[in-house]
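As structure tokens, the structure follows; a few thoughts come after it.
Here the structure is a predicted model, which is why all the values come from computation and not from measurement. Naming: A, B, ... by sequence-line order, numbering from 1 per chain.
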Protein chains: 2
Amino acid sequence: MRRQYAPRLSIADRREQVLDAALQVIVRDGYAKVSIEAVAREAGITRPVVYSAYDGLGPLLLALLDRQQIRAIEQLEGLIPDTLSPGDPGGFALRAIEAWMNAVVTDPMTWRPILTQQYGTPEVVRDRIEATRGHIRQQLSNLIFSGYAESLPDTEVAAHMLLAVLEHFGTLLLEDPPRYEPARMAATLARMLTALR
Amino acid sequence: MRRQYAPRLSIADRREQVLDAALQVIVRDGYAKVSIEAVAREAGITRPVVYSAYDGLGPLLLALLDRQQIRAIEQLEGLIPDTLSPGDPGGFALRAIEAWMNAVVTDPMTWRPILTQQYGTPEVVRDRIEATRGHIRQQLSNLIFSGYAESLPDTEVAAHMLLAVLEHFGTLLLEDPPRYEPARMAATLARMLTALR
DNA sequence: ATCCATTGCTACACCAGTGTAGTAATTCCG
DNA sequence: CGGAATTACTACACTGGTGTAGCAATGGAT
């Protein structure tokens with residue numbers, strides 16, 4: 001009994017399909033369960049087809065990371081302002097925080113692997129995620145400098161704190177069911193920021 | 001060529017040895033690499049000996065978790081006060097934060113598996129750690145209520161924020177080399193707490 | 001010194017994933 | 001419509017982990 005042939009796809013479409021399947025496995029079963037075999041099963045194809053798309057699990061996960069990283073950064077575009085408008089103490093922060101949390105609940109497939117995991121396998125991968133974090137943190141640092149220079153002179157450490165809190169809020173939203181309303185978390189954070197001016 | 005016999009140990013000593021080996025593997029290679037085989041290799045014994053100590057990987061990891069949880073909680077004992085002395089706004093916080101960070105750098109074997117969620121951490125382990133986190137968070141919540149009730153009425157969310165920051169500071173200390181001085185991080189956090197009173 | 005109970009080791013059968021060489025089905029194009 | 005060219009599948013050898021039955025070394029009691 002020969003198995004039914006999967007539809008033939010161009011290499012580009014195949015790669016998309018494989019990445020979709022890998023992401024599905026990761027979100028459903030966690031990183032521990034990801035394997036070429038599991039991805040093939042998920043996609044309804046056989047291992048050799050997966051190998052025709054990527055040279056192994058490492059390159060596959062790296063490609064997935066590339067794709068998801070682009071999606072994540074696209075969602076962050078424009079969320080972080082360059083400076084704080086002086087007349088609007090907590091308002092803008094509140095809106096930005098809520099927009100970020102909205103992005104997380106809207107597209108959990110993208111955010112779950114970023115927020116709840118460090119890719120333990122290839123060092124390269126972890127480094128790249130951390131590099132992106134560093135970039136975001138730099139923007140946050142500038143922002144803090146523009147609005148909180150007197151109360152928080154160490155903007156670098158302050159940016160670490162802020163990003164840690166934002167990421168933690170994100171993970172809380174990914175719990176099932178979400179523990180708190182986005183507005184509730186944003187309110188407390190905005191309150192703190194306001195108090196610091 | 002028969003391998004050399006490992007020293008005979010009582011069941012209790014054997015269990016300690018096995019847990020030590022497992023912890024070593026986890027800290028060095030991550031949870032993804034832990035197996036009965038890896039633990040046996042690390043301890044310089046054979047698999048059947050590991051099986052004589054624990055009934056499999058699950059029970060072994062659970063026992064390790066028990067042991068490390070006790071060690072972690074012991075180190076936290078007394079770090080968190082019940083209430084804040086009214087006359088000492090940021091001073092106590094500063095000392096407590098530095099004490100906590102000192103514990104992390106002193107005993108990284110205990111804290112690394114807790115602070116850095118690794119690739120492939122088993123569900124049981126994660127759940128248990130999360131339960132303990134909840135307990136700590138509750139204490140922090142009480143503390144915030146006793147000192148910051150007006151500025152931070154949502155003590156539950158505030159406790160989440162505080163713990164997220166403290167844990168992030170911990171992970172920064174576990175980097176090699178540590179990114180910041182403990183005092184530097186503590187200073188910024190203490191400054192924020194002071195500003196909120 | 002020598003038992004022999006205790007404790008560790010070897011060896012086996014089994015499972016699940018890897019990577020690939022060779023074969024078969026499917027398209028597309030003449 | 002029929003035969004390449006393309007694309008997917010099968011099958012195999014290999015690796016590394018699991019759990020256990022049975023054998024062998026050790027070392028304390030006699």
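- A:Trp100 and A:Gln75 form no side-chain donor-acceptor contact under 3.5 Å, judged by distance and modelled atom types alone.
- Counting non-hydrogen atoms under 4.0 angstrom, B:Arg8 reaches a base of the nucleic acid.
- In this structure, the CD atom of B:Glu37 is 19 Å from the P atom of C:dC15, given to the nearest Å.
- B:Ile11 places its CD1 atom 14 Å from the P atom of C:dT6, with the value rounded to the nearest Å.
- The side chain to side chain contact (heavy atoms under 4.5 Å, CB included) test with B:Pro108 singles out one residue from B:Leu174, B:Asp176, B:Leu173, and that residue is B:Leu174.
- Nearest nucleotide to the side chain of B:Ser35, out of D:dG17, D:dA8, C:dC9: D:dG17.
- Here D:dG17 presents its C1' atom at 15 Å from CG of B:Asp29, a figure rounded to the nearest Å.
- Residue-level contact check: A:Leu9 touches the backbone only, with heavy atoms under 4.0 Å from sugar-phosphate atoms and none from bases.
- Atom CG of B:Leu57 and atom C1' of C:dA16 are 16 Å apart (whole Å).
- No hydrogens or angles considered: a donor-acceptor pair under 3.5 Å links the side chains of A:Ser141 and A:Thr155.
- For B:Arg47 and D:dG19, a side-chain-to-base donor-acceptor distance below 3.5 Å is present, hydrogens and geometry of angles not being considered.
- Here D:dG19 is the nucleotide among D:dG19, D:dA24, C:dA24 with the atom lying nearest to any side-chain atom of B:Tyr51.
- Here the CE-CZ distance, from A:Met185 to A:Phe169, works out to 6.0 Å after rounding to the nearest 0.5 Å.
- If you check C:dC9, C:dG19, D:dC9 against the side chain of A:Ala6, the one that comes closest is D:dC9.
- A straight line from CZ of A:Arg2 to P of D:dT10 spans 5 Å, rounded to a whole angstrom.
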Audit row: B:Glu150, B:Arg197, salt bridge (charged side-chain N to carboxylate O under 4.0 Å, His left out) steps and yes/no: CA-CA 8 Å; B:Glu150 327 83 47; B:Arg197 300 205 64 153; over 6 Å; no
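- A straight line from CZ of B:Arg3 to C1' of D:dA24 spans 14 Å, rounded to a whole angstrom.
- Between the CD atom of B:Gln17 and the C1' atom of C:dT7 there is a distance of 13 Å, rounded to whole Å.
- Mapped onto DNA chain C by nearest heavy atom, B:Pro48 and B:Ser10 fall at different nucleotides, with B:Ser10 at the one closer to the 5' end.
- Between the NZ atom of A:Lys33 and the C1' atom of C:dA16 there is a distance of 13 Å, given to the nearest Å.
- In this structure, B:Ala38 and B:Tyr5 both approach DNA chain D, and ranking their closest nucleotides by distance from the 5' end singles out B:Ala38.
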